[in-house]
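Inspection log for the structure reproduced underneath, given as structure tokens.
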Amino acid sequence: MTRGLFISFEGTDGTGKSTQIELLRRYFQEAGQECVYLREPGGTAIGERVREVLLDNRSRGMTARTEALLYAASRAQLVETVIEPALETGKNVICDRYVDSSYAYQEFGRDLGSSVVDINEFATGGLMPDMTLLLMLDRQAARERMAARGGEADRIENEGDAFMEKVAAGYLKVAKRYPDRIRVIDASKAPEEIAAEIRSEVEMLQDRKTRAEGASGARPGNSDSEELE
Ligand code: TYD
């Protein structure tokens, strides 16, 4: 059986990730490809409990190291019990955040340095996405989108602008570190335009994968698409 595609979405809060994830889910659905959608932290019963601890405003005293380890712990549970089994059975996986969030928020945002890479290597067994879509938007626009979305800000969202700037700069460093895997997307464009760009990246990825597997010309949506599953 052909392994599924593993795609992660990244970006600071308010960059329009959820909208793009939903559009890509629909795209896979219309192409008749099974797709599992997950969010981090969370995505498992244990991970959702860890998520509550991480995002709860009552967790204000949490140290940076504890924070990094809890994100990694939630991820470890998700990789072993959900992501790996799904990929192995040929399902595509879309993950709303993955290791790059820990690199941007904990390695760079919290200045924890490269130990964050090491603990995530341990947590994931080295499993990396086939492609990561990083949505970048300037802080003012992201703040406006978050305000429009409403709701109460969680512990990380309450960190303020200086932290978010550090995270955004961190994301750009991470994109430079993994240029083959990460696609930086200008999130100030219209949602449909971004979605088209993402679809085209996904199609190219599928083509590369099909070629690497020695199959011929299977693309999402055509009559050969079963070969990908
Ligand atoms: P969430 O509500 O899922 O944010 P969003 O809708 O923006 O994805 O909350 C997740 C928060 O946790 C978000 O502020 C980013 C942060 N985070 C980290 O700091 N490190 C991580 O490894 C992950 C996965 C998330």
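First listed ligand is number 1; within each ligand, the first listed atom is number 1. Nothing here was measured: the structure is a model prediction, and the numbers come from that model. Residue numbers run from 1 in the order of the sequence given.
- Residue contacts with ligand 1: Gln106 is included, with a non-hydrogen atom under 4.0 Å away.
- Relative ring orientation between Tyr105 and Tyr171 is described as perpendicular, the plane-to-plane angle rising above 60° on a 0-90° scale split at 30° and 60°.
- The distance criterion of under 3.5 Å between nitrogen or oxygen atoms is not met by Tyr98 with respect to ligand 1.
- A side chain to side chain donor-acceptor pair (under 3.5 Å) with Tyr27 is found for exactly one of Glu22, Gln33, Glu203, namely Glu203.
- The nearest heavy-atom contact from the protein to atom 22 (O) of ligand 1 is Ser102 OG, 2.6 Å.
- The closest side-chain donor-acceptor pair between Arg181 and Thr132 falls under 3.5 angstrom.
- Looking only at protein heavy atoms, the nearest one to atom 4 (O) of ligand 1 is Asp13 OD2, 3.7 Å.
- Distances from atom 5 (P) of ligand 1 to the heavy atoms of Glu10, Lys17, Arg39 put Lys17 nearest.
- The single protein non-hydrogen atom nearest to atom 24 (C) of ligand 1 is Arg75 NH2, 3.4 Å, given as residue, atom name and distance.
- For atom 9 (O) of ligand 1, the closest non-hydrogen atom on the protein side is Leu55 CD1, 3.6 Å.
- Here the rule is salt bridge (charged side-chain N to carboxylate O under 4.0 Å, His left out) with Glu40, and of Arg97, Arg51, Arg75 only Arg75 fits it.
- Using a 4.5 Å heavy-atom threshold, the side chains of Thr124 and Val99 count as touching.
- Judged by distance alone, with hydrogens and angles left aside, the side-chain atoms of Asn92 form a donor-acceptor pair with the main-chain N or O of Leu5 at under 3.5 Å.
- Annotation for ligand 1: atoms under 4.0 Å from non-hydrogen atoms of Ile156 are 14 (O).
- In this structure, the side chain of Asn57 engages the main chain of Arg155 through a donor-acceptor pair within 3.5 Å.
- Ranking the protein heavy atoms by distance from atom 2 (O) of ligand 1 puts Arg51 NH2, 3.1 Å first.
- Looking only at protein heavy atoms, the nearest one to atom 12 (O) of ligand 1 is Tyr71 OH, 2.8 Å.
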Practice task
Evaluate the salt bridge (charged side-chain N to carboxylate O under 4.0 Å, His left out) criterion for residues Lys189 and Glu197: first the C-alpha distance (whole Å), next the side-chain angles of each, then the deciding distance (0.1 Å), finally the verdict.
Solution key: CA-CA 10 Å; Lys189 293 187 196 158; Glu197 194 177 330; 3.0 Å; yes

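- Here the heavy atom of the protein found nearest to atom 10 (C) of ligand 1 is Pro41 CD, 3.9 Å.
- Proximity of Thr12 to ligand 1, defined as any heavy-atom pair under 4.0 Å, is not found for any part of the residue.
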